[in-house]
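Positions are given from 1 along the sequence. One-based numbering, in listed order, for ligands and for the atoms of each.
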Amino acid sequence: MARTITFCWGSALLFIYFVGFFLNSGEAAIKTYQFDVKVTNVSRLCHSKPIVTVNGMFPGPTVYAREGDTLVVNVTNHAKYNMSIHWHGLKQYRNGWADGPVYITQCPIMTGHSYTYNITITAQRGTLWWHAHIFWLRATVYGAIVIMPKEGAGFPFPQPYREANIVLGEWWNNDVEDVVKQGNKLGLPPNMSDAHTINGKPGPLFPCSEKHTYALEVEQGKTYLLRIINAALNDELFFAIAGHNLTVVEIDAVYTKPFTTQAILIAPGQTTNVLVQATQAPGRYFMAARPFMDAPVSVDNKTATAILQYKGIPNSVQPVLPQLPALNNTAFALNYDDKLRSLNTAQFPANVPLKVDRHLFYTIGLGINPCPTCLNGTQLTASLNNITFVMPKIGLLQAHFFNTKGVFTTDFPDRPPTSFNFTGAPLTANLGTKQGTRLSKIAFNSTVELVLQDTNLLTVESHPFHLHGYNFFIVGSGIGNFDPKKDPATFNLVDPPERNTVGVPTGGWTAIRFRADNPGVWFMHCHLELHTSWGLKTAFVVENGKDTDHSVMPPPKDLPPC
Ligand code: C2O
């Protein structure tokens, strides 16, 4: 569809659709939303506290759209915290200005100010989500994005009778920013959350939670589509429903070859759509989410529950819990990830780059740095290729667009400074982590293969890596050290899963490929907020193409000033 949108700036936004407006009216639409960021009192786990919300809702409002629509979301910040909202998984083609990560693509929306995110949804449909992208505020500021297929297009799987969003999160009894400050003072991880939640509610296994339990009513014999989102800050989660299998049909807004499983694994940032058939004996069944943690770090086995309730069954019926894989069930996790395959049909092809222009190899490391201001004299840190990312003071996209010098460098190394037995015995020695706002420059439309290699610096751990502005194909992964001679022969270049967030296995590696066809500055980071805040992040500068149609658009006039 040929369509041009012109932005005219005055007191209001004016959209003029030129070509195709009359032909396509009723198809592509403009959907407007007002997001008021404000502080709201919420009580959970016998504690009541003020939290930052959007429109007073926790979780925040669901954003609905159709493929091809333009979303116009005006965010007004009434809270005392600076704010920015990220539209996780939306590609924002040429328009990083609407992506949201603070100091990467914009400066924060300050108290009393507004910013309008203008997003055109191109060739994407499915479940994504939005969240605050500034410090740990996403703990309470998040919600679902549901993109329906184009009018009349339908799903490539049996049409469900109804659908529901299942947004998994975490809850702290104390103010999250205080919890983080406390951790930073000690140079240690902040206290872990007090509960996991399903649609903001912990469920009856937690105190004072009877009325804070989400229930989904189902009718016998019908099929339901669940859009499951992991909005937790620091935990990969298993999710299952007692007595009911789940058929996975989509991950990160990309259709998959359907497969049936007792439980799913979902990392922070990821989404998974499943079909559930209400064909069991009418009753009440727990849905449950509990962490997957196979690293020798702190243990968190708190289980959030919600209820799948057959119509007409009284609340007095006691639900049963599903069998969730054990907390450290690595075999289940690897086997589950192995089953994920792109649908790869003529209509929804998996366009895997077969030839690679640029090979990147990034090691993921944790470490301990001296910290004179920390109570213990040291602080935990994290790095990629031994570089701890330092947040700039102005948005990187702005610096890139206006060619402002001195904000970042483009010398992020393609490989780690030294090679070592990455996943051998634990290395407590600090390899001399360097700090810097160093980015990697990528030629427009080149194909990139990135191998993310976990290391045993301090400890191995699994890391869900998220790339902004793109989907990528997960062509391979394994345990131990990546072998550039042998491993590429095992890559799946036919129907690998396509996602925006991938869990790099504990003590292992993952290889991803993508075509750099979206110019701009794109953040890439571990989606465990703990690790992001320790510096486990970097960004790609994808250069412009030859003409303006393949170059970064000019910034909107209301881009928050730095
Ligand atoms: Cu969902 Cu940069 O994050």
Count the heavy atoms belonging to other residues, nucleotides or ligands that lie under 6.0 Å from NZ of K49, then report whether that count exceeds 12.
yes
F135 atom CZ, over 12 foreign heavy atoms within 6.0 Å:
no
Closest to atom 1 (Cu) of ligand 1, among the N/O/S atoms of H131, is atom NE2
Relative to the ring of W172, is the ring of W136 parallel (under 30°), tilted (30 to 60°) or perpendicular (over 60°)?
perpendicular
In terms of ring plane angle, is the pair F389 and F523 parallel, tilted or perpendicular, where the classes change at 30° and 60°?
tilted
Less than 2.8 Å from atom 2 (Cu) of ligand 1 is the window; count the protein N, O or S atoms in it.
3
Side-chain donor/acceptor of W509 to backbone N/O of P505, under 3.5 Å:
no
Shortest non-hydrogen separation from S193 to D300 and the atoms involved:
OG-OD2, 4.4 Å
